Amino acid sequence: MIRDGTGGIPVRFESLIEDYNEALTHTGVNGERLARRLYELSKIGLTKDGGSNRISFTKEEQEAKNLAKVWMQEAGLTVKEDGAGNVIGRLEGASSKAVVMSGSHLDSVPNGGHFDGPLGVLAAIEVAQAWKDTDFVPEKSYEVVVFSDEEGARFNSGLTGSQALAGTFDPSEKKKLTDSDGKSFEDVMKENGLSLSSLQSAARDFSDVDAFVEVHIEQGKKLEKENLPVGVVQGIAGPSWLDVTFTGAAGHAGNTPMDDRADALVAAGLLIAEIEKLPSQFSSSAVATVGKLNVTPNGVNVIPGEVQMSVDVRDIHEDKRNALKEAIIAKACEIAEERSIKVETKETLSVPPINVTEKMQQKAAAAVRKVVNREPYFLPSGAGHDAMMIGKKTPIAMLFTRSRDGISHNPAEWSSLNDCVHTVHALKHLLEDLCAE
């Protein structure tokens with residue numbers, strides 16, 4: 001497993017604030033404080049390339065959580081850590097025990113960026129700090145959550161903390177997992193003072209939770225193209241993964257005539273070309289990707305006899321995603337029949353998408369409108385987030401912050417401080433609205 005590197009350069013505090021508009025520091029929200037905290041987090045798990053390497057359930061992730069605990073306490077929150085390692089800071093409401101939650105994660109992919117996750121955590125803390133600095137107490141209680149193991153980089157199975165909190169944690173599946181060092185999930189939990197039982201005990205009663213809001217960087221270019229600092233998320237796409245296997249006949253590349261071949265790779269190539277065209281026929285938010293090919297026998301002078309390909313199909317609308325999936329299967333069968341070869345398809349993963357209700361979208365839009373003085377832009381999330389798990393238990397909203405060049409999971413990941421602070425202000429408006437209902 002890749003661990004902490006040395007010699008890199010963290011997110012430079014000076015780079016964050018060099019073009020910062022000081023007028024954005026108001027009503028308790030402080031851009032310089034946010035920049036300083038982004039900088040401090042960027043030093044934990046720093047790689048030689050200047051990226052972030054805070055893999056889940058390592059000392060780097062825990063060090064980042066501990067720093068977040070300090071900032072939560074400074075913001076007047078009562079802090080605890082649950083049986084999944086989630087850090088939860090709570091501010092008691094003035095008159096209601098109902099709860100509104102916000103947060104994200106601090107773990108990263110190997111050599112990732114410094115905004116994916118940390119911005120959502122720091123934005124949620126910044127709102128609490130702004131309330132404290134302006135002597136504001138919300139009617140409802142407020143909780144900030146730092147979720148464990150969102151990225152899933154260690155075990156190729158993420159969202160562990162939010163699954164545990166939502167009570168959807170499946171110990172039988174987690175028991176099967178090992179990391180790249182061969183350590184089992186259970187052994188790694190033990191090293192961290194946790195267990196399968198403690199993760200199950202982290203399940204929360206959501207009967208008093210009215211809403212959850214997550215801030216995240218967009219990880220795309222739509223807001224950049226719209227020239228907007230922050231946008232409103234319509235829903236989180238659920239992935240369906242297909243294994244498609246074409247079986248033809250391997251043969252000599254020199255002695256087999258072109259009109260007497262059963263080339264599995266040509267069939268796969270035809271399907272890939274069709275997959276690029278299909279999503280737009282079903283939904284404006286649908287996508288489909290062939291990310292992996294296994295060619296057998298994979299010799300330079302051998303006609304491919306078998307190709308196994310993976311297809312990732314996503315949309316925020318489950319019915320349209322499923323219709324797209326079936327269209328891909330039908331196209332694979334059509335190509336196989338035309339070329340007199342065999343095809344087998346198997347769905348290996350199906351995660352339902354989470355839609356943001358119209359009410360929550362409009363509340364988020366009203367908050368964004370106050371900040372940008374323009375009509376808000378609505379966009380889907382193609383990537384998974386902790387809000388997917390929490391959305392099974394309570395209404396959710398998400399705010400996306402503009403990403404420069406759409407880059408993410410990369411040391412070059414960047415969102416300007418101006419855009420980050422615009423998002424914090426939108427989050428603050430939204431949380432104040434939700435806490436006053």
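Only a predicted model underlies this, so the values are computations on that prediction, with no experimental measurement involved. We number each residue from 1, following the sequence as shown.
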Enquirer: Just wondering, more than 12 heavy atoms not from E334 lying within 6.0 Å of its CD?
Expert: yes
Enquirer: Rounded to the nearest 0.5 Å, what's the gap from OG on S240 to CG on L242? Could you check?
Expert: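 S240 atom OG to L242 atom CG measures 5.0 Å (nearest 0.5 Å).
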Enquirer: Dump the intermediate steps for side-chain hydrogen bond (donor to acceptor under 3.5 Å, both in side chains) on K174 and S157, then the final yes or no.
Expert: CA-CA 8 Å; K174 296 293 184 181; S157 175; 3.2 Å; yes
Enquirer: Is E274 salt-bridged to K277, going by a charged N under 4.0 Å from an acidic O?
Expert: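 Yes, E274 and K277 are salt-bridged.
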Enquirer: Using a 3.5 Å distance criterion without hydrogens, assess whether the side chain of D82 forms a donor-acceptor pair with backbone atoms of A84.
Expert: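 Indeed, once roles are kept as given, a pair shorter than 3.5 Å links the two residues.
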Enquirer: For Y142 versus S102, what's the shortest heavy-atom pair and its separation?
Expert: OH-CB, 3.7 Å
Enquirer: Hey, mind stepping through S172 and D170 against side-chain hydrogen bond (donor to acceptor under 3.5 Å, both in side chains) and telling me if it holds?
Expert: CA-CA 6 Å; S172 64; D170 186 346; 2.5 Å; yes
Enquirer: Do L165 and F206 have side-chain heavy atoms sitting under 4.5 Å apart?
Expert: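 The answer is yes; the side chains approach within 4.5 Å.
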Enquirer: Can you tell me if CD on Q200 sees more than 12 non-hydrogen neighbours from other groups inside 6.0 Å?
Expert: yes
Enquirer: To the nearest 0.5 Å, how far apart are CD in E218 and CD1 in I407?
Expert: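 So the gap between those two atoms works out to 12.5 Å.
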Enquirer: Can R314 and S381 be counted as having a side-chain donor-acceptor contact under 3.5 angstrom?
Expert: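 No, no side-chain donor-acceptor pair sits under 3.5 Å.
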Enquirer: More than 12 heavy atoms of other residues, nucleotides or ligands under 6.0 Å from CD of E326: is that the case?
Expert: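 Above 12, so yes.
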Enquirer: Can you tell me how far apart CG (L434) and CG (L427) are? Round to the nearest 0.5 Å.
Expert: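 Atom-to-atom, L434:CG and L427:CG are 9.5 Å apart.
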Enquirer: For E143, enumerate each residue passing the salt bridge (Lys or Arg N to Asp or Glu O under 4.0 Å) test, keeping only those at least two apart in sequence or located in another chain.
Expert: R90, R204
Enquirer: Quick one: do the D243 and Q308 side chains pair a donor with an acceptor below 3.5 Å?
Expert: yes
Enquirer: Locate the shortest heavy-atom distance separating V302 from A250; write the atom from each residue and the value.
Expert: CG1-CB, 4.2 Å
Enquirer: Please lay out, stage by stage, how I236 and I316 fare under the test side-chain contact (heavy atoms from CB on, under 4.5 Å).
Expert: CA-CA 6 Å; I236 305 172; I316 61 173; 5.8 Å; no
Enquirer: Under the criterion side-chain contact (heavy atoms from CB on, under 4.5 Å), which of S284, P380, P353, S285 is the partner of H317?
Expert: S285
Enquirer: Would you say that L106 contacts L41 through its side chain, given a criterion of any heavy-atom pair below 4.5 Å between the two side chains?
Expert: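 Counting from C-beta outward, L106 and L41 do come under 4.5 Å.
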Enquirer: Is it the case that D49 and T47 place a side-chain donor and acceptor less than 3.5 Å from each other?
Expert: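 The answer is no; no qualifying pair exists.
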Enquirer: Any salt bridge linking R261 with D259? Criterion: basic side-chain nitrogen under 4.0 Å from a carboxylate oxygen.
Expert: no
Enquirer: Is the shortest heavy-atom distance from the side chain of V343 to the side chain of V244 under 4.5 Å?
Expert: yes
Enquirer: Has the side chain of N418 got a donor or acceptor atom that lies under 3.5 Å from a matching backbone atom of D19?
Expert: yes
Enquirer: With the threshold set at 4.0 Å, does a side-chain nitrogen-carboxylate oxygen contact exist between E226 and R402?
Expert: no
Enquirer: Return yes if some donor-acceptor pair links the side-chain N/O of H385 with the main-chain N/O of M398 below 3.5 Å, else return no.
Expert: no
Enquirer: Could you tell me which non-hydrogen atom of V356 sits nearest to which non-hydrogen atom of V233, and how far apart they are?
Expert: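 Looking at all heavy atoms of both residues, the closest pair is CG2-O, 3.6 Å.
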Enquirer: Is D315 paired with K320 through a side-chain N to carboxylate O contact shorter than 4.0 Å?
Expert: no
Enquirer: Are side-chain N/O atoms of S408 and Q219 paired as donor and acceptor at under 3.5 Å?
Expert: yes
Enquirer: Apply side-chain contact (heavy atoms from CB on, under 4.5 Å) to the pair T160 and F147, showing each step before the final yes or no.
Expert: CA-CA 8 Å; T160 300; F147 294 103; over 6 Å; no
Enquirer: Considering non-hydrogen atoms only, spot the tightest contact between I390 and A166 and give its length.
Expert: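 Nearest pair, atom of I390 first, then A166: CD1-CB, 4.4 Å.
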Enquirer: Would you say the side chains of S207 and D205 form a donor-acceptor pair under 3.5 Å?
Expert: yes
Enquirer: Quick check against the 3.5 Å criterion: does S310 have a side-chain atom that pairs as donor or acceptor with the backbone of K292?
Expert: yes
Enquirer: Regarding S104 and E214, is there a side-chain donor-to-acceptor distance under 3.5 Å anywhere?
Expert: yes
Enquirer: Could you give all pairs that pass the ring pair (Phe, Tyr, Trp, His ring centres under 6.0 Å) test and reach residues 149-169, with sequence neighbours left out?
Expert: F155-F185
Enquirer: Side chain of K428, backbone of T423: donor and acceptor closer than 3.5 Å?
Expert: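 Pair absent, no side-chain N/O of K428 close to backbone of T423.
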Enquirer: Which distance, rounded to the nearest 0.5 Å, do you find between the CG of L34 and the CD1 of I17?
Expert: 12.0 Å
Enquirer: Would you say N53 and I55 make side-chain contact, with heavy atoms under 4.5 Å?
Expert: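 N53 reaches I55 side chain to side chain.
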Enquirer: Quick one: do K331 and L271 satisfy side-chain contact (heavy atoms from CB on, under 4.5 Å)? Show the steps, please.
Expert: CA-CA 7 Å; K331 183 60 68 173; L271 181 59; 3.9 Å; yes
Enquirer: Will you find, in the side chains of S148 and E61, an N or O donor that is under 3.5 Å from an N or O acceptor?
Expert: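 No, no side-chain donor-acceptor pair sits under 3.5 Å.
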Enquirer: CZ/R54 to CG/L46 distance, rounded to the nearest 0.5 angstrom?
Expert: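 One finds 9.5 Å between CZ of R54 and CG of L46.
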Enquirer: Look only at the side chain of E81 and the backbone of N86, and say whether a donor-acceptor pair between them is shorter than 3.5 Å.
Expert: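 Side chain of E81 to backbone of N86: no pair is present.
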Enquirer: What pair of heavy atoms forms the shortest contact from P304 to V295, and how long is it?
Expert: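 Between these two residues, the closest heavy atoms are CB-CG1, 3.8 Å.
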Enquirer: Are V232 and L379 packed together at the side-chain level, in the sense that at least one heavy-atom pair is separated by less than 4.5 angstrom?
Expert: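 A side-chain contact under 4.5 Å is absent here.
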Enquirer: Could you pull out the closest heavy-atom pair between M389 and L159, with the gap in Å?
Expert: CE-CD1, 4.0 Å
Enquirer: Determine, stepwise, if the pair D116 / H216 fulfils side-chain contact (heavy atoms from CB on, under 4.5 Å).
Expert: CA-CA 7 Å; D116 175 354; H216 205 278; 2.8 Å; yes
Enquirer: Quick one: does any side-chain atom of R369 pair with a main-chain N or O of R374 as donor and acceptor, under 3.5 Å?
Expert: no
Enquirer: Has H252 got a side-chain atom pairing as donor or acceptor with G254's backbone, closer than 3.5 angstrom?
Expert: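 Between the backbone of G254 and the side chain of H252 there is a qualifying donor-acceptor contact (under 3.5 Å).
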Enquirer: Less than 4.5 Å apart, any side-chain heavy atom of E126 and any of R37?
Expert: yes
Enquirer: Any salt bridge linking E224 with K221? Criterion: basic side-chain nitrogen under 4.0 Å from a carboxylate oxygen.
Expert: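 Salt bridge: no.
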Enquirer: Side chains of S56 and D107: donor-acceptor distance under 3.5 Å anywhere?
Expert: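 No, because no side-chain N or O of S56 sits under 3.5 Å from a partner of the opposite role on D107.
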Enquirer: Determine yes or no for a side-chain-to-main-chain donor-acceptor pair under 3.5 angstrom, with N192 supplying the side chain and L194 the backbone.
Expert: no
Enquirer: With a 4.5 Å heavy-atom cut-off, do F400 and L223 have their side chains touching?
Expert: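 The answer is yes, as the side chains (C-beta and beyond) meet within the 4.5 Å cut-off.
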Enquirer: With no hydrogens and no angle check, just 3.5 Å: does a side-chain donor-acceptor pair link E344 and T245?
Expert: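 There is no such pair (donor and acceptor under 3.5 Å, judged by atom type) between the side chains of E344 and T245.
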Enquirer: Do E151 and H409 have side chains that approach each other closer than 4.5 Å (heavy atoms only, starting at C-beta)?
Expert: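 Yes; the side chains approach each other to less than 4.5 Å.
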Enquirer: For the residue pair K176 / S184, report whether a side-chain donor-acceptor contact shorter than 3.5 Å exists.
Expert: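 No.
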Enquirer: What distance do N156 atom CG and L177 atom CG have between them, rounded to the nearest 0.5 Å?
Expert: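 Reported value, rounded in 0.5 Å steps: 8.5 Å.
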Enquirer: Just by modelled atom types, is the S195 backbone N or O under 3.5 Å from a matching donor or acceptor in the S198 side chain?
Expert: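 Confirmed, S198 side chain pairs with S195 backbone.
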